[in-house]
Amino acid sequence: MNTSSPIRVRFAPSPTGYLHIGGARTALYNYLFAKINGGSMVLRIEDTDRKRYVEDSEKQLIKDLKWLGISWDEGPDVGGKYSPYTQSERTKLHRNYAEKLVSIDKAYYCFCDKERLQSIRSKHKGYDGHCRDIDTNKALERVISGEEHTIRFRSPKQGTTTVDDLIRKNITVKNKQMEDFVLFKADGFPVYHLAAMVDDHLMGITHVIRGEEWLSSIAKHALIIRAFGWSEPIWCHLSVLTQPDGKGKMSKRDAKTKEPGNKHSIFINDLNNKGYHPEAITNWMALMGWSLDDKQEDFKLVDLEKVFNLDRINPSPAAVNFSKLDYFQGKHVRQMSNSEVASSVQPFLMKAGIVPDQEMLLSLVPLIKNRIVTFEDSVEWLSFFFTKEIQISPSEFINKKTTKEETLVILQKVQLTLEQLPTFDHEGIESELRLLAEKMNLKLGQLLNPVRLATSGQKVSPPLFETLEILGENLVHSRIEKAIKLLENI
RNA sequence: GCCCCCAUCGUCUAGGGGACCAGGACGUGGGCCUUUCAAGCCCAAGACCGGAGUUCGAAUCUCCGUGGGGGCACCA
């Protein structure tokens, strides 16, 4: 390829489903490579398979990529000088190029129907070459007369084809392995192999960074390019992402097995809906198959744009590790400002039917900031602040360490202490309750646990003194009162 | 079955012939801190797939096994 030309890469998904971490990571690497080299990124939609087309997937795909922070310079939504970027709008071009291959004898028309292909499949490894030697003029006549046909590539029957991959060095395939594969389908659409190569060439793509699933057809692609006499792009095949246990390709089925409470999913949109931050996801994805060194693991997208490098991509498959996503997510939340967290958390509270007061929410954020992983987690930490009635089962107050009577005494004394406070703030609450625990000869925890339960309805809550202050004098009093009555009536 | 790719702690990885009785991160176990839960800090356990070469010397290079993965469509 011509190294003096500006770097151009492309992300070319097919709209057959929603964006998952495999595709997103490929898009990310393309994006980063373009960025660091001052090159251009192209988004091309490869929709030549009409059967698997999913209506809203293109729209969703664009939305998901943008949410992640990945942008492109040319694409169906923004246009560009190599327009159109939707492959189905380029079929005429593809047809012309396929016919050009026929005219130089690198391809031929094939009239075999599905039934015949089906019947030879068991006997032959691939296509048996039935139409390979039909006289060109006769074939053309049949095509003109409207006979249904495909166009097949005339693969060399001997020798080898060697292709250079940036991270895997030379890959050599025996040509006799390659059947005369279809370039152009009978339905009037090109096959990926043809369409992608033609478009890559026409769009001036210099580096093809794509998934390992394409590695096995790389020789076909090289052969097509060489048949046209074009220069090859630099190939870079990324390894597949495997299931968390390392067994088998990560698949959509894994996403379906997710239980209701499971926040993990391979789909970007799900991760968004569950309250993950895009920066945590890009950091996580970048490290699946790439690393800078043995020192730095925390990367914002802008950092990656400065240090990403194709040479440091690891060719071996990577298992998806969701606990590391959670780690990056938690870390990211802690780095955010309180107001940023507040506004990130807000939509999830709203979804749970909570309309928080802004000032109150802002004061709650520091209490949960290092306790939540996803933004959605905030709901279970905070809902008791906003619901009027909390449900408590009296049995929860009694445990091995504390009897019903002891609990009652604690609650009553705490109630009394709080009533006498000059101002209901956490400093005052803390010093008085610490004093009370000392006087009652109790550990702080023993004193506080029943209060926590009575006021939050939960055994686990944000730090209690601050919680009580924000809950407010009235609510605290009434909840403790209610708990006392509950206990008395057992 | 055929073709192709890959191989370091459970997982992601550093490593490019001596700097490696193999370093970091997540996770796990333990401890500290502590009002619960977290966060934070500290400590620990934990890997070069096997066998032949090459070499004074191999996690690193070569070959053969083995294991894992991907692909074999008028899908992408």
Side-chain angles (χ1 to χ4, degrees), chain A residues 12-17 46-52 87 110 112-114 117-118 121 125-127 148-152 165 167-168 171-174 176-179 181-193 195-196 210-219 237 239-240 242 244-249 284 287-298 312 314-328 330-331 333-334 367-373 381 430 433-434 437 443-449 451-453 456 458-465 467:
Chain A
S14 63
T16 53
E46 309 217 322
D47 57 346
T48 53
D49 182 356
R50 300 159 309 148
K51 294 185 206 98
R52 295 198 304 159
Q87 214 159 49
C110 172
C112 296
D113 59 23
K114 286 236 166 72
L117 260 20
Q118 192 65 251
R121 194 151 296 157
K125 261 184 246 152
Y127 181 61
E148 193 161 272
H149 64 280
T150 62
I151 297 175
R152 284 182 185 274
D165 181 274
I167 58 176
R168 293 162 209 271
I171 295 159
T172 301
V173 180
K174 293 184 193 78
K176 65 176 182 194
Q177 269 317 125
M178 257 177 291
E179 62 166 320
F181 55 93
V182 171
L183 293 170
F184 207 90
K185 298 182 271 181
D187 67 358
F189 283 87
V191 150
Y192 171 88
H193 305 309
R210 56 176 4 180
E212 190 185 329
E213 63 270 26
W214 296 113
L215 201 57
S216 49
S217 42
I218 189 173
H237 288 86
S239 67
V240 285
T242 71
D245 59 4
K247 287 178 191 143
K249 192 180 176 180
W284 176 58
L287 261 17
M288 283 192 239
W290 174 88
S291 63
L292 210 220
D293 51 31
D294 60 345
K295 304 204 168 48
Q296 194 185 352
E297 281 213 314
D298 290 350
R312 296 198 56 86
N314 191 147
S316 56
V320 174
N321 183 186
F322 285 110
S323 58
K324 198 140 188 178
L325 202 215
D326 285 347
Y327 164 77
F328 283 125
K331 205 159 181 170
V333 170
R334 274 167 256 132
L367 305 189
I368 59 163
K369 209 168 163 180
N370 52 25
R371 277 164 249 264
I372 60 170
V373 174
W381 280 100
E430 173 161 8
L433 290 189
R434 278 187 189 277
K443 282 189 183 159
L444 228 211
Q446 284 178 284
L447 181 90
L448 259 28
N449 283 339
V451 182
R452 168 172 282 113
L453 225 200
S456 72
Q458 298 163 190
K459 287 206 168 95
V460 174
S461 81
L464 193 61
F465 305 126
T467 294

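Just so you know, these numbers come straight off a predicted model, no measurement behind them. Here is the naming used below: chain letters follow the sequence lines, and residue numbers restart at 1 for every chain.
- The gap from the P atom of B:U55 to that of B:C5 amounts to 28 Å, rounded to the nearest Å.
- Within 4.0 Å of A:Lys443, counting heavy atoms only, lies no atom of the nucleic acid at all.
- Rounded to a whole angstrom, the distance from the C1' atom of B:U62 to that of B:U54 is 7 Å.
- A:Thr48 comes within contact range of the sugar-phosphate backbone alone, with a heavy-atom separation under 4.0 Å but no base atom that close.
- Rounded to a whole angstrom, the distance from the C1' atom of B:C61 to that of B:G17 is 8 Å.
- As rounded to the nearest Å, B:A25 and B:A14 have P atoms that lie 15 Å from one another.
- Using a 4.0 Å heavy-atom cutoff across all strands shown, A:Glu297 reaches at least one base atom of the nucleic acid.
- Every side chain to side chain contact (heavy atoms under 4.5 Å, CB included) that A:Asp113 has, sequence neighbours left out, goes to A:Glu115, A:Arg116.
- Between the P atoms of B:G53 and B:A19, the separation comes to 23 Å (whole Å).
- Formation of a donor-acceptor pair under 3.5 Å by the A:Glu179 side chain with backbone atoms of A:Phe181 is not found in this model.
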Scan nucleotides 30-35 of chain B against the protein and return all N/O pairs shorter than 3.5 Å with their distances rounded to 0.1 Å.
| unit_1 | atom_1 | unit_2 | atom_2 | d |
| --- | --- | --- | --- | --- |
| B:U35 | OP1 | A:Arg434 | NH1 | 3.3 |
| B:U35 | OP1 | A:Arg434 | NH2 | 3.0 |
| B:U35 | O2 | A:Arg452 | NH2 | 2.5 |
| B:U35 | N3 | A:Leu464 | N | 3.4 |

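- Looking at the side chain of A:Val191, the nearest of the listed nucleotides B:C6, B:A76, B:C37 is B:A76.
- Nearest to the side chain of A:Gln177, among B:C3, B:A76, B:G40, sits B:C3.
- Remark on RNA chain B: of its neighbouring residues A:Ser14 and A:Phe328, the 5'-side contact belongs to A:Phe328, judged by nearest-heavy-atom nucleotide.
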Steps toward salt bridge (Lys or Arg N to Asp or Glu O under 4.0 Å) verdict (A:Glu148, A:Lys185): CA-CA 10 Å; A:Glu148 193 161 272; A:Lys185 298 182 271 181; over 6 Å; no

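- Taking the nucleotide of RNA chain B with the nearest heavy atom to each of A:Ala318 and A:Ile372, the more 5' of the two is matched to A:Ala318.
- A:Tyr192 comes within 4.0 angstrom of a base, heavy atoms only.
- In the interface, the side chain of A:Lys324 is paired with the base of B:A25 through a donor and an acceptor atom under 3.5 Å apart.
- As rounded to the nearest Å, B:G10 and B:C49 have P atoms that lie 11 Å from one another.
- When the nucleotides B:C6, B:A76, B:G69 are ranked by their closest atom to the side chain of A:Val240, B:G69 comes out on top.
- The residue A:Arg50 sits apart from the nucleic acid: no heavy atom pair falls under 4.0 Å.
- Checked against the 6.0 Å centroid threshold, A:Trp284 and A:Phe322 count as a close aromatic pair.
- For the pair A:Arg152 and A:Tyr127, the distance from NZ or CZ to the six-membered ring centre is under 6.0 Å and the angle to the ring normal is within 45 degrees.
- Contacts of A:Gly126 with the nucleic acid, taken as non-hydrogen atoms under 4.0 Å apart, are absent.
- Between B:C48 and B:U8, the distance separating the two C1' atoms is 4 Å to the nearest Å.
- Counting non-hydrogen atoms under 4.0 angstrom, A:Pro15 reaches nothing in the nucleic acid.
- Here the separation of B:G57 from B:C9, taken at their C1' atoms, is 26 Å to the nearest Å.
- Distances shorter than 4.0 Å separate none of the side-chain N or O atoms of A:Lys369 from OP1 or OP2 on B:C37.
- With no hydrogens or angles considered, no side-chain donor-acceptor pair links A:Ser291 and A:Asp293 at under 3.5 Å.
- Under the Watson-Crick and G-U wobble criteria, each requiring two contacts below 3.5 Å, nucleotide B:A25 is paired to B:U11.
- Side-chain nitrogen and oxygen atoms of A:Arg121 include none within less than 4.0 Å of the OP1 or OP2 phosphate oxygen of B:G1.
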